[in-house]
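Inspection log for the structure reproduced underneath, given as structure tokens.
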Amino acid sequence: MNNRKLDQKRAPIYEALKDYKAKRVVSFDVPGHKQGRGNPDLTDFLGQQCMSVDVNSMKPLDNLCHPVGVICEAEEIAADAFGAQHVFFMVNGTSSAVQAMVMSVCKAGEKLIMPRNVHRSAINALIVSGAIPVYADPGVNQSLGIPLGMSLEDVKRAIAAHPEAKAVLVNNPTYYGVCANLAEIVRAAHAAGMKVLVDEAHGTHFYFGEHTPLCAMAAGADMAAVSMHKTGGSLTQSSFLLCGKGVNPGYVRQVINLTQTTSGSYLLLSSLDISRRNLALGGREIFRKVTEFAEYARGEINHIGGLYAFSKELLNGDSFYDFDVTKLSVHTRDIGLAGIEVYDILRDDYGIQIEFGDISNILAIISVGDRSLELERLISALSEIKRLYARDPAGMFDHEYIEPEIVLTPQEAFFSPKRSMPIGNSEGEICAEFVMCYPPGIPILAPGERITREILNYIVYAKEKGCFLTGTEDLTIQNINVVETKEHGFMV
């Protein structure tokens, strides 16, 4: 690689698109809207500038499936920015990056050590690949009712019990901003000959901010899935897959190409290119401002009383090893309101859309795009919600994470003969599909897990509080698919 290719001021895909526009090329290829002329309504909505660069792969613009030109050059510059050996541009979302990581290291029947509080994309990867999960259960903060990271000792025990496992998957951070001791987990896994895969969907800024938790590449992880669109400024659905030393990028690309589109969107690709440039050149200042915003809001919310915007005071040296202070996670149960209730009130009564609300907490994503006035609106709204709606919290559900009972692998359960039954009558059955609140998309039930009364009570409570439940074939969540058992003609 030459110095020109590693110049962080460059954005090769963006530059190639500008050159393409300047040449006024006549298009007899797809897409059929032909720079927007064929769909004036869509062009009026999205803008001529946007439609004019929604183009197809061609030699000057390279090919995402087999890059040898500007996409290849953009990958090299991105790898330099992130401290990775190789970077892949992903246009099927971070879900596809997580799945590519898993399928690159685990084949059918091989084991993957992972926490249960993973995004559904990780379990989807197990269904597709046939890999077998070994769950190292996350710690739980009882007062907040949230899952934490995996403890180092639990990971070591899982490694000792399953020395044949191929890799360890780690969340860095969790949806709430909690980080485990990533460096020591990497050290333990590598000592056992296992790869380390990191779901870093919410950790883009770890690579560019100051005083942030340790990022995957700096910790020596083998691969990391990074949602640039979450905190990095790129368009929704665009992400990076980072590879460290000892990973064969040629093979990883082949795995990616099993599921990623052959019609990569240049809107998404250029947004990744431009956003990487922005972060490489100004990320430190960008995330300094974001941190100041979040810390200010956290302090003001904690002065309200009853609401708890938690932070590094909860560090325990292990499962809560570090915390992402840019995350504005707020515990609401002490004012008698579920997080999802606060989420709904903020949106419906105050015109404020936050990231998500669950049984006990809300999460507001703070970015460089926010302004002081908007933060004040959020703080003021939360204060008023407490004044108007606070009630006795007695009887509220007090935890998010329920340890699963694993009966079958996700692939076995998902592809097994199954039957549909009323969800309220399913206690004791083996789940054959997902049930989850979205966001965050962490399954309450995954294929292969026993349906217990505690889980059913949680689902009923989540529905009553207004959580958006997804995952089942029945869109009303009244029925659930369960695995046929011996009593019903199929031997589990």
Side-chain angles (χ1 to χ4, degrees), residues 1-82 86-94 96-97 100 226-229 232-241 249-250 252-254 256-282:
M1 293 184 289
N2 56 54
N3 289 333
R4 175 177 167 78
K5 286 188 176 182
L6 296 184
D7 183 357
Q8 294 296 331
K9 295 178 182 177
R10 297 201 57 227
I13 299 172
Y14 164 65
E15 293 161 9
L17 283 169
K18 288 206 303 180
D19 186 58
Y20 166 82
K21 281 189 63 180
K23 290 180 177 178
R24 300 172 65 86
V25 174
V26 176
S27 171
F28 285 102
D29 62 350
V30 298
H33 62 68
K34 301 297 177 76
Q35 289 82 52
R37 295 187 302 274
N39 194 337
D41 289 343
L42 186 60
T43 302
D44 287 345
F45 182 63
L46 295 181
Q48 177 59 42
Q49 180 79 357
C50 173
M51 299 294 284
S52 68
V53 291
D54 180 38
V55 294
N56 191 33
S57 296
M58 60 190 75
K59 284 186 178 180
L61 297 180
D62 209 357
N63 187 296
L64 182 61
C65 295
H66 192 92
V68 293
V70 294
I71 296 177
C72 178
E73 190 176 357
E75 288 179 343
E76 292 172 350
I77 297 174
D80 180 62
F82 281 85
H86 194 88
V87 166
F88 294 96
F89 281 52
M90 307 296 293
V91 297
N92 278 24
T94 310
S96 67
V226 177
S227 281
M228 277 290 284
H229 69 91
S234 66
L235 292 178
T236 295
Q237 200 174 310
S238 60
S239 295
F240 282 141
L241 175 56
V252 174
R253 190 181 300 281
Q254 289 182 325
I256 291 170
N257 287 342
L258 293 175
T259 56
Q260 183 161 255
T261 178
T262 57
S263 303
S265 165
Y266 280 88
L267 299 176
L268 300 182
L269 293 172
S270 60
S271 81
L272 284 169
D273 206 18
I274 294 167
S275 298
R276 180 272 314 151
R277 183 180 67 179
N278 290 344
L279 295 184
L281 298 179

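With Tyr20 contributing its side chain and Val55 its backbone, the two residues share no donor-acceptor pair below 3.5 Å. Between the Asn39 side chain and the His33 main chain, no donor and acceptor come within less than 3.5 Å of each other. Looking at Glu73, its side chain never comes within 3.5 Å of a backbone N or O of Gly69 through a donor-acceptor pair. Using a distance-only test at 3.5 Å, with no hydrogens or angles considered, no donor-acceptor pair links the side chain of Ser275 to the main chain of Leu272. Side-chain atoms of Arg276 come within 3.5 Å of backbone atoms of Gln8 as a donor-acceptor pair (strictly under, hydrogens ignored).
The shortest heavy-atom contact between Ser57 and Asn63 is CB-ND2, 4.0 Å. What you find for Ser270 and Leu17 is that their closest heavy atoms are CB-CD1, 3.6 Å. Minimum interatomic distance between Gly36 and Thr43 (heavy atoms only, all atoms of both residues): O-OG1, 2.7 Å. For the residue pair Ser96 and Asn92, the shortest heavy atom distance occurs at OG-CB, 3.3 Å.
Looking only at side-chain heavy atoms (C-beta outward), Glu15 and Asp19 stay at 4.5 Å or farther from each other. Under the 4.5 Å side-chain criterion, counting only non-hydrogen atoms from C-beta, Pro12 is in contact with Ile77. At a threshold of 4.5 Å between non-hydrogen side-chain atoms, the residues Leu64 and Gln260 count as touching. At a threshold of 4.5 Å between non-hydrogen side-chain atoms, the residues Val68 and Asp62 count as touching. Contact of the Ile256 side chain with the Met90 side chain is registered, since non-hydrogen atoms from C-beta on lie closer than 4.5 Å. Proximity of Glu75 to His86: side-chain heavy atoms (C-beta onward) are separated by under 4.5 Å at one or more points. Looking only at side-chain heavy atoms (C-beta outward), Pro31 and Asp54 come within less than 4.5 Å of each other. Looking at Tyr266 and Val53, their side chains never come closer than 4.5 Å, going by heavy atoms from C-beta outward.
Interatomic distance, Lys21 NZ to Lys18 NZ, rounded to the nearest 0.5 Å: 10.0 Å. Atom SG of Cys50 sits about 8.0 Å away from atom CG of Leu235, to the nearest 0.5 Å. A distance of 11.5 Å separates OG in Ser52 from CG in Leu46, rounded to the nearest 0.5 Å. Rounding to the nearest 0.5 Å places CD1 of Ile13 at 9.5 Å from CD1 of Ile274. The CG atom of Leu267 lies 11.0 Å from the CD atom of Gln237; values are rounded to the nearest 0.5 Å. How far OG of Ser271 is from NE2 of His229: 10.0 Å, rounded to the nearest 0.5 Å.
In summary, the side chains of Ser227 and Thr94 do present a donor paired with an acceptor at a separation below 3.5 Å, with no hydrogens or angles considered.
Between Phe88 and Phe240, the ring center distance fails the sub-6.0 Å criterion.
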Salt bridge (charged side-chain N to carboxylate O under 4.0 Å, His left out) for Arg277 and Asp273? Distances and angles first, verdict last. CA-CA 6 Å; Arg277 183 180 67 179; Asp273 206 18; over 6 Å; no
